[in-house]
Amino acid sequence: GDSVTQMEGPVTLSEEAFLTINCTYTATGYPSLFWYVQYPGEGLQLLLKATKADDKGSNKGFEATYRKETTSFHLEKGSVQVSDSAVYFCALATYNNNDMRFGAGTRLTVKP
Amino acid sequence: DAGVIQSPRHEVTEMGQEVTLRCKPISGHNSLFWYRQTMMRGLELLIYFNNNVPIDDSGMPEDRFSAKMPNASFSTLKIQPSEPRDSAVYFCASRTGGVGGYTFGSGTRLTVV
């Protein structure tokens with residue numbers, strides 16, 4: 001079935017470091033891809049999305065490009081801040097699925 | 001828009017008691033989802049509704065769990081009787097049709113002692 005696999009954490013970086021969190025997907029249809037962020041004590045919030053191949057989603061300095069040839073949707077940010085410390089979830093949804101499939105989540109800690 | 005509203009935010013109950021979690025989706029959203037999040041198992045889909053009708057409850061762990069959506073603006077998740085292993089954060093999410101992203105509530109942290 002449709003699924004996403006994301007890199008295991010935790011990831012610890014220093015402030016202003018470059019961030020990459022890998023995500024790959026398996027889908028029988030043509031999925032839309034998402035990144036969600038969960039801050040401590042809160043629910044998941046949509047960070048960015050891409051609905052077709054080669055689309056780039058971006059928000060708050062984060063970017064991810066929908067790569068059909070590598071079935072990937074890696075999350076990147078050029079310079080992380082302490083406030084980016086959170087758990088990040090990759091997810092996919094297709095018209096064939098009525099639900100969204102989430103990855104296991106990657107915990108990011110950014111140290112000053 | 002107040003977003004997806006869940007209540008209570010925190011619930012502590014004794015083993016064997018009945019627990020009811022509540023969710024108000026965003027107005028106009030026609031799909032509603034209940035998730036459970038634990039450190040060991042991550043985010044698990046329990047059940048979801050389309051237009052107030054339960055579509056897939058295969059994620060409901062046991063008969064002790066039940067969910068209802070009597071109208072488009074309200075859903076409940078009930079656990080009866082509760083057990084310590086039910087301790088988790090329970091999230092409700094809603095969305096419109098198509099492949100739009102979900103909007104999550106802030107969750108209910110349930111502790112069964």
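Values below: every heavy atom of this structure, side chains too, minus hydrogens, waters and symmetry copies. Naming: A, B, ... by sequence-line order, numbering from 1 per chain.
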> Atom CG of L46(A) and atom CZ of R95(B): how far apart are they, to the nearest 0.5 Å?
Replying inline: 13.0 Å
> Does a sphere of radius 6.0 Å around CD in E42(A) hold more than 12 heavy atoms from other residues, nucleotides or ligands, not counting ones at 6.0 Å or beyond?
Replying inline: yes
> Do other residues, nucleotides or ligands put more than 12 heavy atoms under 6.0 Å from the CG atom of D63(B)?
Replying inline: no
> What's the spacing between F33(B) CZ and M100(A) CE if we round to 0.5 Å?
Replying inline: 7.5 Å
>> More than 12 heavy atoms of other residues, nucleotides or ligands under 6.0 Å from CD of Q81(A): yes or no?
In response: yes
> Where on R41(B) is there a heavy atom nearer than 4.5 Å to chain A: the side chain, the backbone, both, or neither?
Replying inline: neither
> Is E69(A) atom CD crowded by more than 12 heavy atoms from other residues, nucleotides or ligands, each under 6.0 Å away?
Replying inline: yes
> Can any side-chain N or O of Y102(B) pair as donor or acceptor with the backbone N or O of L44(A) at less than 3.5 Å?
Replying inline: no
>> I want to check something: taking the side chain as every heavy atom from C-beta on, are F91(B) and Q38(A) in contact at a cut-off of under 4.5 Å?
In response: yes
>> What's the separation between atom CD in Q37(B) and atom CZ in F102(A), rounded to the nearest 0.5 Å?
In response: 10.0 Å
> Can you say whether Q45(A) sits under 4.5 Å from chain B via the side chain, the backbone, both, or neither, judging by heavy atoms?
Replying inline: neither
> Is it the side chain or the backbone of Q6(B) that comes within 4.5 Å of chain A heavy atoms, both, or neither?
Replying inline: neither
> Is it the case that one hydrophobic cluster holds both F62(A) and V37(A), taking links as side-chain heavy atoms less than 4.5 Å apart, direct or via other members?
Replying inline: yes
> If you draw a 6.0 Å radius around CZ in R64(B), do more than 12 non-hydrogen atoms from other residues or ligands fall strictly inside?
Replying inline: yes
